Amino acid sequence: MSHAITPSQTIGPFSHEAWEWACAACTPANADGSDTITISGVLRDGDGAPVGDGMIEAWTPGAATIERERDHALAGFRRVPTDDEGRFTLVLGRAQEASCEPAALVTVFMRGLLVHQFSAVFLEDDDLDRAALLNQVPPERRATLVARKTGPASYNWDIRMQGEQETVFFDYGGAP
């Protein structure tokens with residue numbers, strides 16, 4: 001009997017303890033909040049139930065250069081697990097000026113997925129009219145990619161895997 005991974009094998013389950021080292025290595029060196037933003041949210045499945053064993057990865061290419069100069073172990077990259085309530089928190093490096101680029105490119109891993117999903121999150125107080133990627137999304141779906149401000153440098157963004165308010169996911173043309 002072979003134990004090789006097959007295309008029909010789903011992602012997960014995840015052992016958060018096994019990934020703890022990778023999550024710790026992603027903690028920003030400048031976690032004092034001076035040039036970071038925090039995006040918190042809940043990962044929900046197709047029924048709206050929180051996903052307690054998911055994994056969220058975020059890539060912030062604009063912050064990578066700054067973090068590399070600060071000797072960050074994984075500059076520009078974050079990996080966080082969801083908790084039992086499906087909650088996640090991303091602390092991201094951020095340039096001082098508003099942008100029309102996504103705050104982060106996001107990858108979602110969770111049980112039941114055959115392939116991880118790609119998305120992006122934008123900040124509501126950025127220049128969204130000039131956001132080229134966001135403007136490729138039908139107007140009625142754009143709100144699923146926009147994090148709402150909840151406080152100074154704090155935002156909320158929930159990820160919904162299916163349903164009426166499903167988050168927009170992107171196909172980068174090569175993912176099976």
Side-chain angles (χ1 to χ4, degrees), residues 2-28 31 36-61 63-64 73-94 101-124 133-134 136-138 140-148 150 154-176:
S2 171
H3 295 288
I5 295 174
T6 67
S8 61
Q9 184 166 345
T10 65
I11 298 171
F14 294 101
S15 170
H16 288 112
E17 295 80 19
W19 287 96
E20 193 171 312
W21 68 270
C23 296
C26 295
T27 301
T36 61
I37 59 168
T38 302
I39 299 176
S40 301
V42 176
L43 174 62
R44 297 187 182 277
D45 67 12
D47 294 326
V51 177
D53 60 353
M55 188 73 68
I56 310 295
E57 290 183 350
W59 170 239
T60 54
L74 298 169
F77 179 78
R78 303 291 185 270
R79 175 182 287 153
V80 296
T82 59
D83 67 12
D84 291 341
E85 308 290 320
R87 293 180 301 233
F88 64 90
T89 300
L90 296 165
V91 180
L92 306 173
R94 180 78 172 156
E101 298 297 320
L105 303 172
V106 175
T107 307
V108 178
F109 300 87
M110 61 177 266
R111 68 184 135 72
L113 290 180
L114 296 177
V115 178
H116 49 278
Q117 297 295 303
F118 299 107
S119 190
V121 59
F122 295 81
L123 305 179
E124 73 172 337
L133 180 61
L134 186 62
Q136 293 179 41
V137 175
E140 66 275 9
R141 305 274 330 273
R142 291 179 190 159
T144 68
L145 299 177
V146 178
R148 303 292 171 205
T150 58
S154 297
Y155 297 84
N156 182 74
W157 179 58
D158 291 340
I159 302 171
R160 296 181 183 271
M161 298 307 295
Q162 291 178 315
E164 192 171 304
Q165 297 176 333
E166 178 182 333
T167 299
V168 170
F169 297 102
F170 297 96
D171 180 1
Y172 290 101

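Values below: every heavy atom of this structure, side chains too, minus hydrogens, waters and symmetry copies. Values in this document were obtained by computation on a predicted structure and should not be read as measured data.
Using a 4.5 Å cut-off on side-chain heavy atoms (C-beta onward), Asp53 and Arg111 make contact. Contact check for Val108 versus Phe118: no side-chain heavy atoms found under the 4.5 Å cut-off. The shortest distance between side-chain heavy atoms of Pro102 and Val121 does not fall below 4.5 Å. Ile56 places none of its side-chain heavy atoms less than 4.5 Å from the side chain of Thr107. Counting only heavy atoms from C-beta outward, the side chains of Ile39 and Thr89 never approach each other to under 4.5 Å. By the 4.5 Å heavy-atom criterion applied to side chains, Leu123 and Ile37 are counted as neighbours. At least one side-chain heavy atom of Leu113 sits less than 4.5 Å from a side-chain heavy atom of Met161.
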side-chain contact (heavy atoms from CB on, under 4.5 Å) between Arg141 and Glu166, worked out: CA-CA 8 Å; Arg141 305 274 330 273; Glu166 178 182 333; 4.0 Å; yes

Could you walk me through whether Met55 and Arg79 satisfy the side-chain contact (heavy atoms from CB on, under 4.5 Å) test, starting with their C-alpha distance in whole Å, then the side-chain angles of each, then the deciding distance to 0.1 Å, before giving a yes or no? CA-CA 7 Å; Met55 188 73 68; Arg79 175 182 287 153; 3.5 Å; yes

Determine, stepwise, if the pair Leu105 / Phe170 fulfils side-chain contact (heavy atoms from CB on, under 4.5 Å). CA-CA 10 Å; Leu105 303 172; Phe170 297 96; over 6 Å; no

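Atom-to-atom distance recorded for Leu43:CG and Asp83:CG is 10.5 Å, nearest 0.5 angstrom. Distance OG/Ser40 to OH/Tyr155: 12.5 Å, rounded to 0.5 Å. A distance of 14.5 Å separates NE2 of His116 from CE of Met110, quoted to the nearest 0.5 Å.
Shortest non-hydrogen contact noted between Asp45 and Asp47 is OD1-N, 2.9 Å. Across all non-hydrogen atoms, the minimal contact from Leu133 to Ala120 is CD2-CB, 4.0 Å. Minimum interatomic distance between Ala103 and Thr60 (heavy atoms only, all atoms of both residues): O-CG2, 3.1 Å. When all heavy atoms of Val137 and Arg142 are compared, the pair lying nearest together is O-NE, 2.8 Å. Nearest heavy-atom pair across Val80 and Leu90 is CG2-CD2, 3.6 Å. Smallest separation of non-hydrogen atoms from Leu92 and Ala104: CD1-CB, 3.8 Å.
No donor-acceptor pair under 3.5 Å is formed between the side chain of Gln165 and the backbone N or O of Gly163. At distances below 3.5 Å, not a single donor-acceptor pair connects side-chain atoms of Thr36 with backbone N or O atoms of Gly93.
Under the side chain to side chain contact (heavy atoms under 4.5 Å, CB included) criterion, Glu124 pairs with Val146, Arg148, Lys149, not counting sequence neighbours. The side chain to side chain contact (heavy atoms under 4.5 Å, CB included) check on Thr167 picks up Ser119, Leu145, Trp157, Ile159, Arg160, Phe169, with sequence neighbours excluded.
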